[in-house]
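This report refers to the structure that appears directly beneath it.
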Number of protein chains: 2
Amino acid sequence: METEFIKQKLAEKGMKITPQRMAILEAIYELNNHPTAENIIEFIRKTYPNVAIGTVYKVLETLVENGLIKKVTTDRDFMRYDGVLDNHHHLYCSTCDLIEDYHDAELDELLKKYFEAKNIPGFKIEEFVLQIKGTFNKC
Amino acid sequence: METEFIKQKLAEKGMKITPQRMAILEAIYELNNHPTAENIIEFIRKTYPNVAIGTVYKVLETLVENGLIKKVTTDRDFMRYDGVLDNHHHLYCSTCDLIEDYHDAELDELLKKYFEAKNIPGFKIEEFVLQIKGTFNKC
DNA sequence: TTTTTAAATAAGAATAATTCTCTTTTAAGA
DNA sequence: TCTTAAAAGAGAATTATTCTTATTTAAAAA
């Protein structure tokens, strides 16, 4: 992956560019499987064997705060992170921890229209994520 | 809440009826706010001051396994539990930890029809939950 | 009703993910 | 090149949750 692309992402948000931040953001893009902090640490240690665990957590927090990545909701006790920012939904495997992205502009439009017509009293909608739970044939 | 109602829920699943299990299940129904284990412990200690924390976690696990409650997905690092089992969606507050239920049969029907027509290759759908993120006027 | 026993609970130690503290290092503007 | 605020490293601390073991109990059997 282009180093410049990663640098630009950080620069756009006015973040200081460090090798650790670049490696972590790149890991999330490369892994592209809603990795945990542990997955990310394992990945970047191939290149940066000495990166501190605390640093990874701190960088992840900073990336979330700056809107470069998002936390993924799960019913497990470890956090997962998503580098895909455009509107999309998630397929959750019932038999393993796999979470895949599901992009569907038609569905987005359907939901948007539905909630334009039907508003929820006392609540202002910011975004939808449809969690689709089931099983992958491959699992 | 009716003691008999709670007892019946446990009995239906062939679970041994104990005061702790009854108190915990009742707490989830009474609180009705997707409580954490800590919320539940606080609630039941009014009645059972000596209930062990480990017991609460064990009972919650057993209730989930037996399908009497569900885990609620969040992007926080503590688990929340839901005693409402029929199909519904969740309103997540962006500014606090409030999660409210959103029941909408019309939406359920819309989604069901949509995914009957459009199947997802390699994936067998079991259920949908729409996460609606935004802000409550009251928050 | 009493006995029996597998299952459940209490208590607290152990674990694992995450956060914090403090010292050293470094990115980037002056 | 110098300066300095911010970031990283190291490892201790914290917190939610799980595990272990002895004790108690629900509920089936006698």
How does protein reach along nucleotides 5-14 of chain D, written 5' to 3' as B (base within reach of a heavy atom under 4.0 Å), S (only sugar-phosphate), or - (no contact)?
-SSSBS----
Take the protein atom [atom1] of [X] and the nucleotide atom [atom2] of [N], then report the distance between them rounded to whole Å.
X	N	atom1	atom2	result
E61(A)	dT19(C)	CD	C1'	9 Å
L60(B)	dA16(D)	CG	P	14 Å
E65(B)	dA7(C)	CD	P	14 Å
Y48(A)	dT26(C)	OH	P	12 Å
E38(A)	dA16(C)	CD	P	10 Å

Would you call K138(B) and E100(B) a salt bridge, taking side-chain N to carboxylate O under 4.0 Å as the test?
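Yes, this pair counts.
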Taking DNA chain C as the partner, which of residues 69-84 of chain A come within under 4.0 angstrom of it by heavy atom?
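The stretch gives D77(A), F78(A), M79(A) as the residues lying under 4.0 Å from the strand, ordered by number.
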My understanding is that only residues two or more places apart in sequence, or in another chain, count here; which of them pass salt bridge (charged side-chain N to carboxylate O under 4.0 Å, His left out) with K124(B)?
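Once residues adjacent in sequence are excluded, K124(B) has no partner under the salt bridge (charged side-chain N to carboxylate O under 4.0 Å, His left out) criterion.
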Residues that E106(A) engages under salt bridge (charged side-chain N to carboxylate O under 4.0 Å, His left out), provided they are two or more places apart
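Scan of E106(A) (salt bridge (charged side-chain N to carboxylate O under 4.0 Å, His left out), adjacent residues dropped) gives K118(B).
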Applying side chain to side chain donor-acceptor pair (under 3.5 Å), can you list everything that pairs with H88(B), at least two apart in sequence or on another chain?
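Per chain and number, H88(B) pairs via side chain to side chain donor-acceptor pair (under 3.5 Å) with D82(B), H90(B), D101(B).
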For D108(B), which residues count as a side chain to side chain donor-acceptor pair (under 3.5 Å) partner, sequence neighbours excluded?
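Per chain and number, D108(B) pairs via side chain to side chain donor-acceptor pair (under 3.5 Å) with H89(B).
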Is any side-chain heavy atom of Q131(B) closer than 4.5 Å to a side-chain heavy atom of T73(B)?
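They are in side-chain contact.
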Which is more 5' along DNA chain D, the nucleotide nearest A37(B) or the one nearest I17(B)? Just name the residue.
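Closest to the 5' end, via its nearest nucleotide, is A37(B).
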If you look at every heavy atom in G83(A) and I69(A), which pair is closest and at what distance?
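So the minimum-distance heavy-atom pair works out to CA-CG2, 4.2 Å.
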Would you say a side-chain N or O of Y57(A) is under 4.0 Å from OP1 or OP2 of dT18(C)?
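Yes, such a contact exists.
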Mind checking the CD1-CZ spacing from I40(A) to R80(A)? Nearest 0.5 Å is all I need.
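Separation between the atoms: 10.5 Å.
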